[in-house]
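Below: one structure, written as structure tokens.
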Amino acid sequence: MAEKEHVKPLAPASVRPSSDDEEAALYLKKIHQKKCIKCCGCVLAFLLIQIIVVIILIFTVFKVKDPVINLNGVTVEKIDLIEGTTTPRPGSNMTLMTDVSVKNPNVASFKYGNTTTTLYYRGTVIGEARGPPGSLKSDMGNGILPMTSFTRVGGRVKMLIIKRHVVVKMNCTMTINITSRAIQEQKCKRKVKL
């Protein structure tokens, strides 16, 4: 008998992938990669748009604007005059009422503590102390009283995570008519310190 050839058995078909299966797996892998790239691109585009919107808002809507303070008026509440004249009685007091307003033009909050308004007469504080003796009479004799005021408002503007300290100062000069108890002339200058 002829020698039997030694034949090796073939491997089962389920173990060896066919070339069609390899092509299908490669095709699915490419599709998966394209989907991942598209998904990452969409996420990056969305984040980029959000960053641009936030930057635009910071420089427009959320831009910190200076608070505005105004001296709305000064009225003479009480003054003791010599009857029939515009001259005050010797040693008399005068009460002035000042109306100061603060407007916040910001979208966010503006917190401030105590504000200070000081009234001056010819460079001397008269809101807390008396003016120099004898110098009020000459101005009051003609019924006109020149005054200046100084107002300081310090506070903090808070927008999202941004906090900014702001101090607004206002100097006003005014002429008060003693007879009518009204302001004849008023000029104010504002200064903001960040």
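- Remark: Ile31 engages Tyr27, Lys35 in a side chain to side chain contact (heavy atoms under 4.5 Å, CB included) (not counting sequence neighbours).
- Listed by first and then second residue, the disulfide (SG to SG under 2.5 Å) pairs involving residues 44-90 amount to none (not counting sequence neighbours).
- Pairs passing the side-chain hydrogen bond (donor to acceptor under 3.5 Å, both in side chains) check and including a residue from residues 185-194, sequence neighbours excluded, read Asn70-Arg190.
- Residue pairs meeting the side-chain hydrogen bond (donor to acceptor under 3.5 Å, both in side chains) criterion with at least one partner in residues 160-173, sequence neighbours excluded, are absent.
- Side-chain heavy-atom separations under 4.5 angstrom define the hydrophobic clusters, and the remaining members of the one that includes Leu48 are Ile52, Ile56.
- Partners of Leu28 according to the side chain to side chain contact (heavy atoms under 4.5 Å, CB included) rule, which considers only residues two or more places apart in sequence or in another chain, do not exist here.
- Taking Ile, Leu, Val, Met, Phe, Trp and Tyr as members and joining any whose side-chain heavy atoms lie under 4.5 Å apart, directly or through other members, Val167 forms no hydrophobic cluster with any other residue.
- Taking the side chain to side chain contact (heavy atoms under 4.5 Å, CB included) definition, one finds that Leu47 meets it with Val43, Gln50, sequence neighbours left out.
- Contacts of Ile37 classified as side chain to side chain contact (heavy atoms under 4.5 Å, CB included), with partners at least two apart in sequence or in another chain: none.
- For residues 55-87, no pair satisfies disulfide (SG to SG under 2.5 Å), with sequence neighbours left out.
- Applying the disulfide (SG to SG under 2.5 Å) test to residues at least two apart or on different chains, the pairs with a partner in residues 162-194 are Cys172-Cys188.
- Residues meeting the side chain to side chain donor-acceptor pair (under 3.5 Å) test with Ser149, sequence neighbours left out: none.
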